[in-house]
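Residue numbers count from 1 along this sequence. This is a predicted model, so every value here is computed, not measured.
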Amino acid sequence: CFSEQCAVMLGLTAVELSPISPRVVPLSRSPVSGHERMNRKLRHKLQILKNQLKMEKSRRRKAESERDALRSYGPVPHMFVPAPSTSKLRVRVQRQLAENEDSVFLPNCGLSELPSDIFRNVVDVSLLSLRNNTLSSLDALSALTSLVTLDLSYNRINSIDPITSLVRLESLNLSNNLLSRLPLSVGKLVQLTELNLSDNTISILPRTMGQMRKLVRLNLSANRLH
């Protein structure tokens, strides 16, 4: 028959053409060696590290864009602006948080002081701009422990003790104020990468600033340092 002719041409024997169906033998799974298990664990850990690195890069890009947004305001000369009432100021803060999620911009608002409860029930602010006001006290900011970027330039601040507890700060602008000294507690701000102290009257820096190992930008121009 045709199949036998094909078998002859292919060099197959009659046994190989037996109509009896061959028994299917399941393939046994080869055991995983200890070396292979270790490689799998290493690949898994590497993937976790890659994901963490991606999240960190995304967070840093967001922080940089927030700092760029602050710089876009530019220096504004002091002028008299009637300060809004506490209730209006609170409404403004809540509206901005609803629109920007974690950012509050209050520049040039004529603020000489911040009401103690202005940030009541506000815990997730990461960026705050209070530039170009006439603030001298910062007590109301001590509870904003989530702050990453803080702009206090162009005010009348002579003490920063209340904000040295904001240990998550990465960018702090205190330029054009009335600072003559910095407290030893400023060394707690170990996450700072950018610190602007220009245009003050600082004559000496505390030794604790040496703890700011991540600081890459420090502006001390127009002070009284020797």
Side-chain angles (χ1 to χ4, degrees), residues 48-49 51-71 73 75 102-107 113-114 116 118-119 122-133 135-226:
I48 293 175
L49 289 175
N51 293 338
Q52 291 175 345
L53 182 60
K54 187 181 296 183
M55 293 174 62
E56 177 66 16
K57 287 182 177 179
S58 176
R59 187 187 65 79
R60 288 188 177 278
R61 281 196 298 269
K62 181 179 179 181
E64 289 174 1
S65 65
E66 290 173 343
R67 285 195 287 269
D68 291 340
L70 284 178
R71 295 189 186 103
Y73 279 95
D102 58 358
S103 303
V104 176
F105 296 89
L106 297 172
E113 64 178 359
L114 288 172
S116 58
I118 186 61
F119 296 112
V122 175
V123 293
D124 294 328
V125 178
S126 64
L127 182 152
L128 174 62
S129 173
L130 290 165
R131 65 181 294 131
N132 203 58
N133 285 285
L135 295 172
S136 58
S137 173
L138 303 177
D139 292 336
L141 303 183
S142 59
L144 298 179
T145 55
S146 295
L147 275 177
V148 175
T149 302
L150 177 59
D151 189 349
L152 295 168
S153 58
Y154 293 90
N155 279 281
R156 296 177 182 174
I157 300 166
N158 55 28
S159 173
I160 64 168
D161 289 87
I163 63 172
T164 57
S165 61
L166 308 180
V167 294
R168 294 187 183 181
L169 276 177
E170 295 181 10
S171 177
L172 176 59
N173 190 344
L174 289 163
S175 62
N176 291 275
N177 276 285
L178 303 176
L179 292 171
S180 60
R181 55 174 290 276
L182 298 176
L184 290 174
S185 55
V186 73
K188 296 178 182 179
L189 304 178
V190 294
Q191 298 299 321
L192 275 182
T193 60
E194 183 175 4
L195 176 59
N196 190 343
L197 295 168
S198 62
D199 293 280
N200 282 280
T201 58
I202 299 172
S203 58
I204 189 171
L205 297 176
R207 63 180 182 278
T208 52
M209 285 188 67
Q211 300 172 18
M212 300 178 180
R213 303 296 176 82
K214 296 185 178 182
L215 194 62
V216 294
R217 292 181 182 176
L218 175 61
N219 190 342
L220 291 167
S221 61
N223 277 282
R224 297 179 180 176
L225 295 167
H226 300 290

The criterion is side chain to side chain donor-acceptor pair (under 3.5 Å); which residues satisfy it with [X], sequence neighbours excluded?
X      : value
Ser137 : Asp139
Gln191 : Lys214
Ser221 : Asn219
Asp124 : none

Below 4.5 Å, heavy atoms only, C-beta onward: do [X] and [Y] meet side chain to side chain?
X      : Y      : value
Val167 : Val190 : no
Leu138 : Leu130 : no
Leu218 : Met209 : yes

Look up atom [atom1] in [X] and atom [atom2] in [Y], then write down how far apart they are to the nearest 0.5 Å.
X      : Y      : atom1 : atom2 : answer
Ile163 : Thr145 : CD1   : OG1   : 14.0 Å
Asn173 : Tyr154 : CG    : OH    : 8.5 Å
Leu150 : Ser171 : CG    : OG    : 8.5 Å
Arg217 : Asn196 : CZ    : CG    : 11.0 Å
Leu195 : Leu189 : CG    : CG    : 8.5 Å
Ser146 : Arg168 : OG    : CZ    : 5.0 Å

Shortest non-hydrogen contact from [X] toward [Y]:
X      : Y      : value
Leu220 : Leu205 : CD1-CD1, 3.6 Å
Ala140 : Leu114 : CB-CB, 3.7 Å
Pro162 : Ser142 : O-CB, 3.5 Å

Requested in this report: Quick one: do Phe105 and Asp151 satisfy side chain to side chain contact (heavy atoms under 4.5 Å, CB included)? Show the steps, please.
Outcome: CA-CA 9 Å; Phe105 296 89; Asp151 189 349; over 6 Å; no
Requested in this report: Would you check, one step at a time, whether the test side chain to side chain contact (heavy atoms under 4.5 Å, CB included) holds for Val148 with Asp102?
Outcome: CA-CA 10 Å; Val148 175; Asp102 58 358; over 6 Å; no
Requested in this report: Please determine which of Leu127, Leu172, Val125 meets the side-chain contact (heavy atoms from CB on, under 4.5 Å) test together with Leu147.
Outcome: Val125
Requested in this report: Sequence neighbours left out, what passes side-chain contact (heavy atoms from CB on, under 4.5 Å) with Arg224? Give chain and number order.
Outcome: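 Once residues adjacent in sequence are excluded, the partners of Arg224 under the side-chain contact (heavy atoms from CB on, under 4.5 Å) criterion are Thr201, Ser203.
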Could you list the donor-acceptor pairs under 3.5 angstrom formed between side-chain atoms of residues 177-186 and any protein atom two or more places apart in sequence or on another chain?
{"residue": "Asn177", "atom": "OD1", "partner": "Asn155", "partner atom": "N", "Å": "3.2"}
{"residue": "Asn177", "atom": "OD1", "partner": "Arg156", "partner atom": "N", "Å": "3.3"}
{"residue": "Asn177", "atom": "OD1", "partner": "Ile157", "partner atom": "N", "Å": "3.1"}
{"residue": "Asn177", "atom": "ND2", "partner": "Leu152", "partner atom": "O", "Å": "3.0"}
{"residue": "Asn177", "atom": "ND2", "partner": "Leu174", "partner atom": "O", "Å": "3.0"}
{"residue": "Asn177", "atom": "ND2", "partner": "Ser175", "partner atom": "O", "Å": "3.2"}
{"residue": "Ser185", "atom": "OG", "partner": "Thr164", "partner atom": "OG1", "Å": "3.2"}

